[in-house]
Amino acid sequence: MNYYTIIKTRAPFDIRQTLFSGQSFLWNINKDEPDFYAAIIKSKPLIIKQIADNELEVYAEDKVINGVPLVDFISHYFTFDIDTEQIFPDNFSHLYPTLWQLLTDYFPVRIMRQDPFETMISFMCAQGIGMPLIRKQVSMLLQNYGEKRTISYSGKEITLHHFPSPERLAAANPIALSTCTNNNHPRARNIVRIAKGVADGKIDLDALSDPLLPLSELRRTLCQNEGVGYKIADCIALFGLGRFDAFPIDTHVKQYLGQWFNSTTALQSLTPARYLALDAEARTILKPDFAGYAGHLLFHCWRKEIKGLRTF
DNA sequence: CCCCAGGCTTTTC
DNA sequence: GAAAAGCATGGG
């Protein structure tokens, strides 16, 4: 870690809540020093330490990451260009004053522009299990299939792992990989299969990153893969493809749509048809272009404030 | 043995 | 076509 810089954000930013809001399962908190966060991003180790509400210390090996100056890369990665208070409609605070009060604690949370493949695999691990178990699965994938990297930071050696490449997961034995998927064999099979698709170029994540691609088409393409339905497809779009209009609907989102926004559809079981109906409904409550971004803040707020669930 | 946890696929009407 | 049942695993 021979390069170090300070980044100031315009609005308050909470990296801890951001990293552990359930959008990323890659970043690790060092148990001995709970104040810094480390991960390998674009093959480059990064260490980030929050020193004030709007100030970060960033340690890297280079001033440039993925061909972009470090400060610009981090600003883009954590979407510092987005003002999270402004992503809600103008009349939102008047329509839902009690909710708005709860939400103010969550404006320092940002959605990250994560790697598409990493997001795809991570969220395929997220069906019907709790969030701590999802973290465990992804960290096991890193340990068993991700390239190991040791770095030194403040006099200590820290071990990190790359997220496994598509080629590496494509070559994995599904039975062996199932130790990383909660012993769920079908899930392991689907992960290996989709990794092969990406490695072969049959699934073109760069093409899917085109911001002009209609959301419905993007979702339809992603759903052609076994193990990916509407919800996972929308998560890949939102967290991995920078599509802040994508609005993933899971059990928690369904619950808050019913409770906070009086959706009657949300009170019924979540069928594909109702998924699409709720998706349309959410766009009338939230700004369509930022429905998913706002939805993630609502999701995190709902889980923590109302359900009292832990994310790590 | 029950239910729940950031769903998806197959069967059935 | 769409609703209902089945699936899959660990933890409380």
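Every chain is numbered from 1, with letters handed out A, B, ... down the list of sequences.
Interatomic distance, CD of A/Gln259 versus CG of A/Leu99, reported as 11.0 Å (0.5 Å rounding).
We find that CG of A/Leu309 is positioned 19 Å from P of B/dC3, with the value rounded to whole Å. Between A/Arg303 atom CZ and B/dA5 atom C1' there is a gap of 9 Å when expressed in whole angstrom units. Nucleotide B/dC8 holds its C1' atom 12 Å from the OH atom of A/Tyr275, rounded to whole Å. Atom CG in A/Leu270 sits about 16 Å away from atom C1' in C/dA5, given to the nearest Å. Between the CD1 atom of A/Ile236 and the P atom of B/dC8 there is a distance of 10 Å, given to the nearest Å. Summarising the geometry, the separation between CG on A/Leu276 and P on C/dA3 is reported as 11 Å, rounded to the nearest angstrom. Rounded to whole Å, the distance from CZ on A/Phe20 to P on B/dG6 is 16 Å. Rounded to whole Å, atom P of B/dG6 lies 18 Å from atom CG of A/Asp234.
For A/Trp100 and A/Tyr96, the distance between ring centers is not under 6.0 angstrom. Annotation: A/Phe290 is not in aromatic contact with A/Phe88 [ring centroid separation under 6.0 Å not met]. Aromatic pair A/His296/A/Phe299: ring centres closer than 6.0 Å.
Neither side chain, A/Arg113 nor A/Thr79, offers a donor N or O lying under 3.5 Å from an acceptor on the other.
C/dA5 and B/dG6: their P atoms are spaced 25 Å apart (whole Å). Going from the C1' atom of B/dT10 to that of C/dG10 covers 24 Å, rounded to whole Å. Between B/dC2 and C/dG6, the distance separating the two P atoms is 14 Å to the nearest Å.
At most 12 non-hydrogen atoms from other residues, nucleotides or ligands lie less than 6.0 angstrom from CD of A/Gln101.
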What does the list of N/O pairs under 3.5 Å between the protein and nucleotides 6-10 of chain C look like, with a distance for each?
{"from": "C/dT9", "atom 1": "OP1", "to": "A/Asn183", "atom 2": "O", "distance (Å)": "2.9"}
{"from": "C/dT9", "atom 1": "O3'", "to": "A/Asn182", "atom 2": "O", "distance (Å)": "3.0"}
{"from": "C/dG10", "atom 1": "OP1", "to": "A/Asn183", "atom 2": "ND2", "distance (Å)": "2.5"}

For nucleotides 9-13 of chain B, give me every protein contact, N/O to N/O, under 3.5 Å, one pair per line with atom names.
{"from": "B/dT9", "atom 1": "OP1", "to": "A/Gly227", "atom 2": "N", "distance (Å)": "2.6"}

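Among the heavy atoms of the strands lying under 4.0 Å from A/Gln23 is at least one base atom, whether or not backbone atoms are also near. A/Ile249 comes within 4.0 angstrom of no nucleic acid atom, judged by non-hydrogen atoms across all strands.
Of the residues near DNA chain C, A/Ser269 and A/Arg310, the one whose nearest nucleotide (by heavy atom distance) lies more toward the 5' end is A/Ser269.
Cluster annotation: A/Tyr59 is not connected to A/Ile48 through the hydrophobic network of ILVMFWY side chains, with a link wherever side-chain heavy atoms come within less than 4.5 Å.
For A/Lys231 against B/dG7, a side-chain-to-base donor-acceptor contact under 3.5 Å is absent.
Using the six-membered ring where Trp is involved, A/Phe117 and A/Phe163 have ring planes that are perpendicular, over 60° apart on the 30 and 60° scheme.
With A/Phe13 as reference, A/Phe80 is the one residue of A/Tyr77, A/Phe80, A/Tyr106 to meet the ring pair (Phe, Tyr, Trp, His ring centres under 6.0 Å) rule.
The side chain to side chain donor-acceptor pair (under 3.5 Å) check on A/Gln127 picks up nothing, with sequence neighbours excluded.
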